[in-house]
Amino acid sequence: MGQPDDGGAAARIEQLRRLIEYHNHRYYVLDAPEIADHEYDALFRELQDLEASHPELVTPNSPTQRVGAPPVESFAPAPHAFPMLSLANAFDANDLREFDARCKRMLGMGPEAIIEYTVEAKIDGLGISLTYEQGHFVRGATRGDGTTGEDVSANLRTIRAIPTILPDGLGLPSSFEVRGEVFLSKTEFARINAERGIEGLPLFANPRNAAAGTIRQLDSSVAARRRLQARFYDIRSDGRIPASTQLEVVELLRSAHFPTNDPTQMALGVEEVVRLCGEAEHTHSALDFAVDGMVVKVNSLALQAELGQVSRSPRWAIAYKFPPERARTRVLRIVAQVGRTGAVTPVAEMEPVFLDGSTVSRATLHNEDEVRRKDVRIGDFVWIQKAGDIIPEVVEVDVAARSGDEQEFAMPAECPVCGGAVVREEGEAVARCSNPLCVAKLKTGLQHFASRRAMDIDGLGPAIIEQLVDRGLVRDFADLYQLTHEQLAGLDRMAGKSAANLLAAIEASKRTSLARLVFALGIRHVGEHVADVLASHMGSLERLRSATEDELSSIHEIGPQIAASVAGFFADPRAQALLDRLVAAGLTWEEARSTSNMEDAFIAGKTFVFTGKLEHMTREEAEALVRSRGGRAASSVSAKTHCVVAGPGAGSKLDKARELGIEVMSEDEFLSKLGSPPDADNPTGPHQQSLAF
DNA sequence: TAGCCTCGAGTTCA
DNA sequence: CTCGAGGCTA
């Protein structure tokens with residue numbers, strides 16, 4: 001721009017980019033180059049030269065940028081426009097048949113119906129999502145927690161097979177995300193490790209770890225030197241996707257120049273699926289990349305939509321997992337570990353053995369019943385495997401190898417840490433230390449209190465907690481807020497600097513939220529979600545700490561067990577004293593909004609059931625209306641229903657409501673109650689709660 | 001009362 | 001990640 005010849009240069013640059021991307025596709029995806037390497041190099045050099053003399057025309061998507069960008073400090077968070085789901089697992093043919101039966105049931109098909117499925121290899125790599133706008137690559141992200149990943153665009157650009165500029169005329173929407181897997185071939189993995197060996201660097205345990213390490217490289221020129229590969233299998237958009245089956249999706253991706261996960265096979269009915277999965281089990285090891293199973297999907301996108309999803313996994317797909325690698329080792333001891341709730345867990349300590357990328361020496365045995373069921377004895381030779389590729393698990397005992405000297409494990413009658421009585425409640429699988437002052441409970445309880453999702457006290461780990469408790473400096477959560485610099489600096493592995501950091505972290509944790517505090521307290525049955533429900537329903541600590549059991553159990557999602565546990569916790573004067581001390585220490589949080597503009601005093605927080613015929617709206621509309629104003633719409637009447645809106649023809653639900661003494665009203669009454677628009681003058685802004693009681 | 005579905009709790013190694 | 005258990009719905 002500005003200079004007279006830039007128009008021509010810009011046009012040539014654009015032309016070269018498209019040409020080079022075209023040849024990248026021929027070479028890296030189709031494995032069918034059309035031109036000789038030196039011709040390609042000539043095009044590339046011409047582009048480089050032009051860009052060098054016109055630096056203002058360099059864009060991130062230029063093929064010249066695929067050699068890596070300057071290192072970054074950290075990766076930016078990248079929210080996914082569509083959540084990245086995970087798949088349910090199948091471990092044998094029966095699981096596959098159950099999956100098929102469930103699909104048919106949910107689709108209202110008979111057992112004899114035949115569903116079309118696709119079957120493809122499940123590559124053992126890392127899930128990624130690429131965003132394209134107007135046919136151009138704009139961002140690539142890791143899976144993360146499925147909702148938000150990390151922006152690793154620079155590293156992904158180094159993968160030549162990933163198109164940065166898409167061909168026109170495919171009817172693709174203007175904006176979409178493409179989902180796939182990045183991985184390293186076994187060959188490339190071996191090459192990288194050989195190189196690292198020569199340089200004296202630690203070796204990667206397996207291709208997956210190496211790929212993970214590469215994709216999270218802050219310096220993308222490192223990633224550029226390791227030839228990552230990618231395969232894609234899905235596309236998500238708000239716009240219309242020109243495909244009606246999974247197979248067509250794959251074809252669409254292929255014509256858009258994406259490397260696809262080939263072959264994606266079609267299977268008519270579940271028995272065909274079982275056969276393909278069985279075959280793959282024997283053939284996959286010949287591939288040059290790691291495959292840990294097969295992905296089975298309902299082919300029709302319409303049926304996929306009908307099946308929908310549960311939580312974070314679709315009901316229309318399942319991952320068939322190949323049996324994982326196993327190793328044989330010996331159980332040296334079975335120790336009893338005490339957790340935050342006092343749960344005494346048997347853990348097998350074994351002769352260290354290398355398995356699937358790491359050395360394993362411990363595995364949980366969960367509880368007494370599990371030990372008995374597997375009949376694991378001290379001194380036994382056992383087969384172990386990794387559940388979900390990570391957590392070691394004892395699969396079975398090599399009974400034939402027994403000498404007769406093996407010893408059975410007995411759950412200790414006394415807590416191995418404090419000597420308190422270990423009690424196993426009727427009908428429960430776990431045994432627990434019954435001493436409320438057990439030091440093990442205190443230490444793990446403090447770890448939980450300080451954890452990221454609770455009070456988020458950075459730097460307060462197990463080693464520090466150990467010392468704080470052993471030296472009598474901390475006897476409960478509130479003591480943390482009385483610690484001094486001298487006390488902290490006196491600990492092992494704690495210099496003045498770290499002590500100051502920890503103090504600052506403790507100070508910073510004072511600004512929190514009610515939900516976090518409630519979660520941090522470690523009340524039984526109260527995890528993150530329940531803490532959130534309690535905090536938002538009660539609104540304030542004062543209300544929560546004095547709530548009755550009945551009051552608690554009337555809350556949606558809070559049943560008798562949780563209500564009893566929460567009420568029981570606050571009934572203890574020591575708990576009340578602890579709260580007083582925490583509050584006195586200066587904990588503050590923003591008071592939960594009791595009502596907001598979107599809510600309506602009549603509807604908010606209540607559960608409605610619509611029954612019979614509605615005159616002015618459909619049931620869906622009525623339910624959406626309730627939800628939009630902060631209420632809940634249920635489909636059946638229970639003790640937790642607040643109001644039943646009955647139209648003509650109402651039947652058993654109306655009877656049940658009368659029986660339970662629940663408020664019943666007509667559609668007109670319901671509508672007139674909503675007559676006034678939501679309050680405009682609500683005090684909605686969050687404000688600091690004063691904590692001096 | 002059964003059958004989902006979600007949540008809580010415990011867990012391994014680098 | 002997996003198990004067990006709590007809560008909701010039909």
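Just so it is clear: chains get the letters A, B, ... in the order the sequence lines come, proteins before strands, and each one is counted from 1.
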* To do: Measure up the A/Phe608 and A/Phe670 rings against each other and bin them: parallel (under 30°), tilted (30 to 60°), perpendicular (over 60°).
  => perpendicular

* Look at the rings of A/Phe183 and A/Phe289 and say which category their plane angle falls in: under 30° parallel, 30 to 60° tilted, over 60° perpendicular. => tilted

* **Close approaches to DNA chain B from residues 95-108 of chain A, in residue order (heavy atom, under 4.0 Å)** => A/Arg102, A/Arg105

Rounding to an integer number of Å, can you tell me how far [X] [atom1] sits from [N] [atom2]?
X        : N     : atom1 : atom2 : value
A/Glu393 : C/dC1 : CD    : C1'   : 10 Å
A/Ile555 : C/dG7 : CD1   : C1'   : 14 Å
A/Ile562 : C/dA5 : CD1   : P     : 14 Å
A/Leu85  : B/dC5 : CG    : P     : 15 Å
A/Arg373 : C/dT2 : CZ    : C1'   : 12 Å

* To do: Might you point out which heavy atoms bring A/Cys438 and A/Val338 nearest each other, and give the distance in Å?
  => SG-CG1, 4.5 Å

* Under 4.0 Å protein heavy-atom contacts per nucleotide of nucleotides 7-14 of chain B, with B for base, S for backbone only and - for none -> SSSSBBSS

* Asked: Taking the side chain from A/Arg516 and the backbone from A/Met455, do they hold a donor-acceptor pair closer than 3.5 Å?
  -> no

Do [X] and [Y] have side chains that approach each other closer than 4.5 Å (heavy atoms only, starting at C-beta)?
X        : Y        : value
A/Arg143 : A/Leu126 : no
A/Cys415 : A/Asn435 : no
A/Val298 : A/Cys103 : yes

* May I ask you to verify if any side-chain N or O of A/Arg315 is less than 4.0 angstrom from the OP1 or OP2 atom of B/dC4? => no

* Asked: Should the pair A/Glu466-A/Lys443 be classified as a salt bridge under the 4.0 Å nitrogen-to-oxygen rule?
  -> yes

